[in-house]
Amino acid sequence: MRGLSVAAAARRRGHGPKGRAVSSVSRSSLRRDLSDAFALAVPFFRGASAWVAVPLAAAVIGCQLGLVAVAVRTNLWRNDFFQALQDRDWDRFVLQFWVYSAIGVALIGLTVAQQYLTQWLLIRWRSFLTERLLGNWLREGARPRSGMDGATDNPDQRVAEDTRLFATHVIGLTTGLVGSLASLASFAVILWGLSASVPLIAFGARYEVPGYLLWAAILYAAVGTWLTHAIGRHLIPLNFWQERREADFRYALVHARDHREPIALARGEAAERRILSERFAELVRNWYRLIARSALLGIFTGTYRHYALFFPYLVMSPLYFAGGMAFGALMQAGSAFNEVRNALSYFVTVYPRIAELAAATERLGGFERASVGMRTAALPRRAEGHARLQSKDLEVFDERGQVLARLESVSVGPGERILIVGPSGSGKTSLVRAWAGIAPRWRGEIRSSASNMLILSERPYLPLGSLRSVLSYPGATAAVPESALDKALEAVGLERLRSALDSLEWRDTLSTGERQRLAFARALIVQPDLLILDEATTGLDELAEGQMYGAMANGLNECSIISLMTSARLSSLHDRVLHL
């Protein structure tokens with residue numbers, strides 16, 4: 001991912017997020033961010049979700065245009081209201097009160113409607129993005145690789161947090177931009193007309209300058225926008241780094257929570273506190289840089305907005321005090337000037353949100369490119385005859401080309417059991433990865449006729465959810481009858497868990513051996529035709545190992561089994577033994 005590669009380069013040169021490498025936004029990075037933003041946004045409004053996305057977006061923008069119309073009517077009301085005050089016209093004053101009440105009803109109704117529709121559009125868009133990113137990241141057959149996490153740190157944050165930020169800011173900024181353009185067009189006409197009826201007075205002389213109030217607003221906003229960008233452009237890389245530091249710290253906390261027992265056994269509490277403190281310190285250091293830059297930007301934008309309220313009255317004051325301008329016209333012109341100035345200063349007021357959007361877009365774009373770029377696992381060719389798995393002259397390599405494992409030949413038929421023995425570090429797990437199609441690099445020939453292959457490792461994966469869903473994984477829970485669950489638990493000696501099938505608190509009560517037994521129970525439910533056991537019984541004694549293999553023999557009739565172990569202690573339970 002571009003952003004993180006830049007960050008990594010900065011670290012190699014000794015720079016942090018404040019360094020030259022990530023201090024500003026280049027034209028190429030801006031083009032990449034815009035391209036990523038369109039790639040993330042367009043499918044939502046063109047695909048199957050367009051039937052609800054387009055009407056919702058149109059309704060939100062329609063409400064914004066309605067609010068601009070209300071603002072225009074309020075500007076006209078200001079002239080009538082303040083003129084009624086100056087003329088002490090009671091009837092006209094009362095009429096303007098009722099007009100203002102009607103304007104308030106329209107304003108409140110449109111504001112509430114826009115908020116409701118915006119939240120509706122937001123959750124639909126966030127759902128779309130989440131499904132899309134999860135679909136790419138966890139698509140069937142995608143080959144995981146070690147560089148994935150390095151190129152796209154904290155994918156959980158990108159799916160959970162950045163999708164929300166992206167959709168929220170795109171909707172808010174787009175709606176605001178449409179409103180600003182509509183306000184500019186509407187109030188520029190009003191301001192131009194007022195400029196034509198009110199000449200410019202400077203140093204006692206009168207000048208006829210067409211639209212001088214409009215030009216003054218444009219000049220004021222242009223200077224403010226340029227200065228805002230000069231001050232605030234550093235916020236984009238700082239926001240990028242802050243989100244990364246926050247996610248790294250959260251990950252470290254979750255890691256410590258999930259491994260609190262091993263930490264306690266190793267007396268590693270002090271070391272874990274040191275690791276967490278170091279990550280938090282990195283977060284704090286970047287936070288101070290971020291708030292310092294935000295404070296500087298806030299000082300300027302606050303000053304800009306504060307004096308902008310007074311600026312139009314300063315421009316028109318000579319004419320008003322000379323008696324050439326009515327009070328109502330003064331108030332209307334001041335209001336119209338500020339509306340035009342607000343519209344032209346749109347990027348001044350939303351710059352921090354633009355910085356957040358740019359950072360979120362960069363993270364999401366990089367994550368999607370890395371996810372889509374994951375190679376699809378190469379499926380083994382169809383095995384000859386009735387063999388469930390065949391491999392010949394198999395060599396497995398790491399990303400650098402180093403040989404991890406070698407196996408000359410293996411072939412396992414229906415119901416056959418093969419034991420492959422090799423010392424620790426001989427590459428048994430690398431062979432399993434190659435057979436599964438997820439090894440980064442391998443050479444040789446792999447053929448398989450298995451339609452349902454299951455691999456059990458030394459540390460079995462237990463997904464989130466109830467024990468019932470764990471036993472049914474990866475299938476649907478409802479598809480497995482209660483009797484099958486009871487029978488599988490009994491076969492592996494976990495009868496005590498029958499009462500906890502719907503519990504969510506079972507995970508911390510299981511030992512390593514019981515987790516391995518649970519994995520064997522899952523095998524009995526899944527009924528694979530090829531079962532590969534990669535040191536899957538290291539947490540069990542020899543008697544328990546024999547019980548597990550007996551359960552597989554009784555419960556999986558035609559299933560082929562390949563066991564990979566460090567010793568041949570269970571050779572009597574297998575048909576053949578191979579040595580690495």
_One pair to check against side chain to side chain contact (heavy atoms under 4.5 Å, CB included): V170 and L40. What are the steps and the verdict?_
CA-CA 11 Å; V170 169; L40 291 166; over 6 Å; no
_Check against salt bridge (charged side-chain N to carboxylate O under 4.0 Å, His left out), R496 and E514_ = CA-CA 11 Å; R496 69 177 183 83; E514 287 174 323; 2.9 Å; yes
*Could you give me the CA-CA distance, side-chain angles and deciding distance for T168 and L165, then say whether side chain to side chain contact (heavy atoms under 4.5 Å, CB included) is met?*
CA-CA 5 Å; T168 299; L165 285 176; 5.9 Å; no
*Decide side chain to side chain contact (heavy atoms under 4.5 Å, CB included) for S572 and L570; before the verdict, give the C-alpha distance in whole Å, the side-chain angles of both, and the deciding distance to 0.1 Å.*
CA-CA 5 Å; S572 61; L570 296 181; 6.0 Å; no
*Step by step, would you call L533 with I562 a side chain to side chain contact (heavy atoms under 4.5 Å, CB included)?*
CA-CA 6 Å; L533 306 174; I562 300 178; over 6 Å; no
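For K428 (side chain) and G422 (main-chain N/O), a donor-acceptor pair under 3.5 Å exists by modelled atom type. Panel note: side chain S560, backbone G413; a donor-acceptor pair is recorded below 3.5 Å. Of the possible polar contacts, one joining the E535 side chain to the T566 backbone as a donor-acceptor pair under 3.5 Å is found. Judged by distance alone, with hydrogens and angles left aside, the side-chain atoms of Q527 form a donor-acceptor pair with the main-chain N or O of G555 at under 3.5 Å. Listed for the R517 side chain is a donor-acceptor partner under 3.5 Å among the backbone atoms of V492. One N or O on the side chain of S448 and one on the backbone of R388 form a donor-acceptor pair closer than 3.5 Å. The backbone N or O of W287 sits less than 3.5 Å from a side-chain atom of Q242, completing a donor-acceptor pair.
Two residues are said to be in side-chain contact when any heavy atoms from C-beta on lie closer than 4.5 Å; L580 and L431 meet this criterion. Contact of the S391 side chain with the E445 side chain is not registered, since no non-hydrogen atoms from C-beta on lie closer than 4.5 Å. Here the side chains of V432 and L564 are in contact, with some heavy-atom distance below 4.5 Å. Taking 4.5 Å as the limit, some side-chain heavy atom of L407 sits within range of a side-chain heavy atom of W435. Put simply, the side chain of L389 reaches to within 4.5 Å of the side chain of I446, judged on heavy atoms. Between V412 and D575 there is no side-chain heavy-atom pair separated by less than 4.5 Å. Taking the side chain as every heavy atom from C-beta outward, V470 and L518 approach each other to under 4.5 Å. Taking 4.5 Å as the limit, some side-chain heavy atom of L501 sits within range of a side-chain heavy atom of E482.
Using a 30° and 60° split on the angle between ring planes, F280 and F249 fall in the tilted class, from 30° to 60°. Between F128 and F44, the ring-plane angle classifies as tilted under the 30° and 60° cut-offs.
Residues S409 and L578 come closest through the heavy atom pair O-CD1, 3.9 Å. Minimum heavy-atom separation, A523 to L456: CB-CD1, 4.4 Å. Closest approach of T537 and R569 over heavy atoms only: OG1-NH2, 4.1 Å. The nearest pair of heavy atoms linking F45 to V54 is O-CG2, 3.7 Å. Residues L394 and A434 share a closest heavy-atom pair of CD2-CB, 4.2 Å. Nearest heavy-atom pair across R522 and P463 is NH2-CD, 3.7 Å.
Summarising the local packing, CZ of R293 is surrounded by more than 12 heavy atoms from other residues, nucleotides or ligands at distances under 6.0 Å. For E495, the CD atom sits in a packed shell: over 12 heavy atoms of surrounding residues, nucleotides or ligands are nearer than 6.0 Å. For F38, the CZ atom sits in a loose shell: 12 or fewer heavy atoms of surrounding residues, nucleotides or ligands are nearer than 6.0 Å. No more than 12 heavy atoms of other residues, nucleotides or ligands shown are found within 6.0 angstrom of CZ on R459. Remark: R576 CZ is packed, more than 12 non-hydrogen atoms of other residues, nucleotides or ligands lying under 6.0 Å away.
Looking at S451 and D529, their side chains do bring a donor and an acceptor atom within 3.5 Å of each other. Side chains of S457 and D534: no donor on one and acceptor on the other come within 3.5 Å. Using modelled atom types, one finds a donor on one side chain and an acceptor on the other under 3.5 Å when comparing Q516 with T538.
Separation of atoms CZ (R132) and OG (S49) is listed at 10.5 Å; rounding is to 0.5 Å. Note that CG of L290 is 5.5 Å distant from CG of L238, once rounded to the nearest 0.5 Å. In this structure, R363 CZ and T163 OG1 are separated by 11.0 Å, a value rounded to the nearest 0.5 Å. Distance check, rounded to the nearest 0.5 Å: CG of D248 to CH2 of W241 gives 9.5 Å. Between the CD atom in Q390 and the NZ atom in K392 there is a gap of 10.0 Å [rounded to 0.5 Å]. The CG atom of L467 lies 8.5 Å from the CG atom of L494; values are rounded to the nearest 0.5 Å.
With respect to D502 and R468, a salt bridge is recorded, a charged nitrogen being found less than 4.0 Å from a carboxylate O.
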